[in-house]
Amino acid sequence: MGRGARKITDNDAGDYEMKEPIRVAVTGAAGNIGYALLWRIASGDCFGTNQPVTLQLLEIPAGMQRLDGVIMELRDSAFPLVHDMVGTDDPRVAFEGADAIFLVGSRPRTKDMDRSDLVAANGPIFVGQGKAIDAVASPDVKVITVGNPCNTNALIANANAPSIPSRQFTAMTRLDQNRAVGQMAERAGVTASEIRDVFIWGNHANTMYPDPRFATVDGKIATEIFDTGWLQGPFLETVATRGKAIIVARGASSAASAASAAIDHMRDWWQGSNGRIVSMALPSEGWYGVPEGLVFSFPCRCENGDVIVVEDLPVDSFAQSKIDENITMLLEEREAVSELLG
Ligand code: NAX
């Protein structure tokens, strides 16, 4: 066994060897999503139950006292997989040697803000964090951006980290995918595990498009089970406006479901998606006519630690109109942050 590796003997599988610890950074670690996310990472849901983790947690100075409390609670949870923990307000400390990074910290949108206010408020955070990732993270780091507007924040971080390949910067549209799965499962009266291959095109915004054309429900073609009126009407509307509906119902934005989606995204990237199509936003290489560099959600498969865009799906006129709408919006966002792109 190497440094930090130890044997676990009190598990169902019996005696098996632990891997070397990896370093996992989470920003906004004392926030609502962080509070749900950290316990899932620490319990092995993301990187595997034989993969120890060093948690490197970033907050702003005003969040450090709350972060101390979170670290105390993590310690009190006595997770066998938590090798070490660091809490800091310095991105270079948080990202030092990081193998995986969850960029969650940023200001959530409030009632008085429109989307351009959000872009202006949060964009600069990702300049400094991109530079710090470039300087100190592992060259193989996998980055998921959750903080909104997540596609454009990933674009900014990527642009400020020139030594890290662009494909290692992604943004999260898995919550939108999971919302689509949930709607289909409820309508068909099946569990979520029976729904496959529904995925999201575009921006994590109400323009995103949950494409049902290749989805299956218990092995049957989804578009033969659900009528087009529902798929292009209430289904699309519910998925697109779910974030707002959660805020109205809970008085707070999605947190546990967002953390769960971040786990799904990183777990599939790290461990593979087993042939399933999953949604990930990543810098376009011109796929499906999306301008190069725009961080856009595509149908993807994950294998051997890589994200592979599924490039050969036919696009009908409805899907094309939705893809175009998302391109327009993301180009506008890119224009609004052009001075932050290095
Ligand atoms: P909270 O306000 O509860 O937590 C955010 C935390 O980030 C706070 O503790 C704050 O101190 C910290 N923070 C702010 N600036 C930071 C910086 N520069 N470095 C490190 N930490 C910083 O928000 P929460 O509910 O956790 O949401 C976090 C982000 O996720 C928001 O931007 C939100 O809009 C976004 N979301 C993204 C989703 C997606 O599907 N992509 C869905 C859920 C969520 O709305």
Side-chain angles (χ1 to χ4, degrees), residues 25-38 56-71 86-95 101-111 113-115 117-133 143-157 160 170-180 200 202-208 210 239-247 250-266 279-282 295 297 340:
V26 177
T27 74
N32 286 312
I33 295 175
Y35 196 66
L37 180 62
L38 290 168
Q56 304 185 162
L57 309 179
L58 183 70
E59 260 298 338
I60 49 175
M64 286 306 288
Q65 190 184 329
R66 278 181 293 120
L67 183 58
D68 284 345
V70 170
I71 290 175
V86 178
T88 178
D89 58 8
D90 180 347
R92 286 189 175 232
V93 173
F95 299 147
I101 300 178
F102 295 78
L103 296 177
V104 180
S106 57
R107 260 181 75 173
R109 186 162 155 184
T110 45
K111 277 189 209 134
M113 292 170 99
D114 64 21
R115 206 169 166 85
D117 296 327
L118 192 68
V119 173
N122 286 332
I125 294 173
F126 294 84
V127 174
Q129 294 188 354
K131 287 186 196 308
I133 291 169
V143 182
I144 172 177
T145 312
V146 175
N148 278 322
C150 62
N151 297 55
T152 294
N153 290 338
L155 173 84
I156 296 168
N160 285 281
T170 64
M172 182 169 98
T173 50
R174 186 61 172 262
L175 179 55
D176 305 295
Q177 175 184 318
N178 286 352
R179 286 167 173 165
I200 305 298
N203 197 4
H204 171 64
N206 57 11
T207 50
M208 58 85 226
V239 176
T241 58
R242 192 65 156 187
K244 207 171 204 176
I246 302 280
I247 292 174
R250 286 181 79 226
S253 64
S254 319
S257 57
S260 201
I263 293 285
D264 290 346
H265 175 123
M266 187 62 86
S279 315
M280 287 176 144
L282 71 165
V295 176
S297 183
L340 304 179

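One-based numbering, in listed order, for ligands and for the atoms of each. What you see below is based on every heavy atom in this structure, not just the backbone, and it leaves out hydrogens, waters and symmetry mates.
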Visitor: Considering the heavy atoms of Ser254, write down every atom of ligand 1 situated less than 4.0 Å from one of them.
Guide: 43 (C)
Visitor: Starting from atom 4 (O) of ligand 1, find the nearest protein heavy-atom neighbour and note its residue, name and distance.
Guide: Gly31 CA, 3.2 Å
Visitor: Looking at ligand 1, is there an atom of it that comes within less than 4.0 Å of some heavy atom belonging to Ser106?
Guide: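 The answer is yes, since Ser106 has a heavy atom less than 4.0 Å from ligand 1.
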Visitor: Tell me the nearest of Leu118, Val70, Asn148, Thr27 to atom 33 (C) of ligand 1, using heavy-atom distances.
Guide: Asn148
Visitor: Return the option from Asp176, Val26, Ile33 holding the heavy atom at the smallest distance from atom 44 (C) of ligand 1.
Guide: Ile33
Visitor: Quick test: of every protein heavy atom, which one is nearest to atom 11 (O) of ligand 1, and how far off is it to 0.1 Å?
Guide: Glu59 OE1, 2.7 Å
Visitor: Stepwise, does the side chain to side chain contact (heavy atoms under 4.5 Å, CB included) test hold for Phe95 with Leu103?
Guide: CA-CA 11 Å; Phe95 299 147; Leu103 296 177; 3.8 Å; yes
Visitor: By number and element, which atoms of ligand 1 are closer than 4.0 Å to a non-hydrogen atom of Ile60?
Guide: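 Checking each atom against Ile60, I get 11 (O), 15 (N), 16 (C), 17 (C), 18 (N), 19 (N), 21 (N), 22 (C).
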Visitor: Within ligand 1, which atoms have a heavy atom of Arg66 less than 4.0 Å away?
Guide: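 Counting from 1, the qualifying ligand atoms are 9 (O), 11 (O).
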Visitor: Just so I know, are the side chains of Leu155 and Phe126 near enough to count as touching, which here means a heavy-atom distance under 4.5 Å?
Guide: no
Visitor: Heavy atom under 4.0 Å from ligand 1: found in Asn32's side chain, backbone, both, or neither?
Guide: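 Near ligand 1, Asn32 shows its backbone as well as its side chain.
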Visitor: For atom 18 (N) of ligand 1, grab the closest protein heavy atom and report residue, atom and distance to one decimal in Å.
Guide: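 Answer for atom 18 (N) of ligand 1: Ile125 CG2, 3.4 Å.
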Visitor: Give the numbers and elements of all ligand 1 atoms closer than 4.0 Å to a heavy atom of Val104.
Guide: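 Here the atoms of ligand 1 in question are 28 (C), 29 (C).
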Visitor: So, taking the atom named CD in Glu59 and the one named OG1 in Thr88, what distance separates them when rounded to the nearest 0.5 Å?
Guide: 11.0 Å
Visitor: Just jot down the side-chain contact (heavy atoms from CB on, under 4.5 Å) partners of Ala245, sequence neighbours excluded, or say none.
Guide: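 Applying side-chain contact (heavy atoms from CB on, under 4.5 Å) to Ala245 gives none.
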Visitor: Check whether any heavy atom of Gly63 sits under 4.0 Å from an atom of ligand 1.
Guide: no
Visitor: Between His265, Arg107, His204, Gln129, which one has a non-hydrogen atom sitting closest to atom 38 (C) of ligand 1?
Guide: His204
Visitor: Rounded to the nearest 0.5 Å, what separation is found between the CG atom of Asp117 and the CG atom of Asn122?
Guide: 10.5 Å
Visitor: Only distances under 3.5 Å count here; give the side-chain donor-acceptor pairs of residues 256-263 to other protein atoms, sequence neighbours excluded, each with its distance to 0.1 Å.
Guide:
{"residue": "Ser260", "atom": "OG", "partner": "Arg40", "partner atom": "NH1", "Å": "3.1"}

Visitor: Looking only at protein heavy atoms, which one is nearest to atom 23 (O) of ligand 1, and how far off is it?
Guide: Pro108 CG, 3.4 Å
Visitor: How far is atom 41 (N) of ligand 1 from the closest protein heavy atom, and which atom is that?
Guide: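 Going atom by atom, the protein heavy atom closest to atom 41 (N) of ligand 1 ends up being Val146 O, 3.2 Å.
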Visitor: Pull out every atom of ligand 1 sitting under 4.0 Å from any heavy atom of Gly28, numbered as shown with elements.
Guide: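 Those of ligand 1 that fall under 4.0 Å from Gly28 are 6 (C), 7 (O), 12 (C), 20 (C), 21 (N).
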Visitor: Would you indicate whether the side-chain heavy atoms of Val239 and Met208 approach each other to under 4.5 Å?
Guide: yes
Visitor: Kindly give the heavy-atom pair with the smallest separation between Pro124 and Leu340, and that separation in Å.
Guide: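 Distance-wise, the nearest heavy atoms are N-CD1, 3.8 Å.
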Visitor: With a cut-off of 4.0 Å, which atoms of ligand 1 are near a heavy atom of Leu175?
Guide: 40 (O), 42 (C)
Visitor: Just wondering, do His265 and Thr170 contact through their side chains at under 4.5 Å, heavy atoms?
Guide: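 In contact.
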Visitor: Compare all side-chain heavy atoms of Arg179 with those of Ser254 and state whether any distance is below 4.5 angstrom.
Guide: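 With C-beta onward as the side chain, the pair touches.
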Visitor: Is there a side-chain contact between Asp176 and His204 in this structure, where contact means two heavy atoms from C-beta onward sitting under 4.5 Å apart?
Guide: yes
Visitor: Which atoms of ligand 1 have any heavy atom of Cys150 under 4.0 Å away?
Guide: 41 (N)
Visitor: Could you measure the distance from the SG atom of Cys150 to the CD1 atom of Ile144? Nearest 0.5 Å is fine.
Guide: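 One finds 8.0 Å between SG of Cys150 and CD1 of Ile144.
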Visitor: Check ligand 1 against Ala30 and write out every atom of the ligand that is under 4.0 Å from a heavy-atom position of the residue.
Guide: 9 (O)
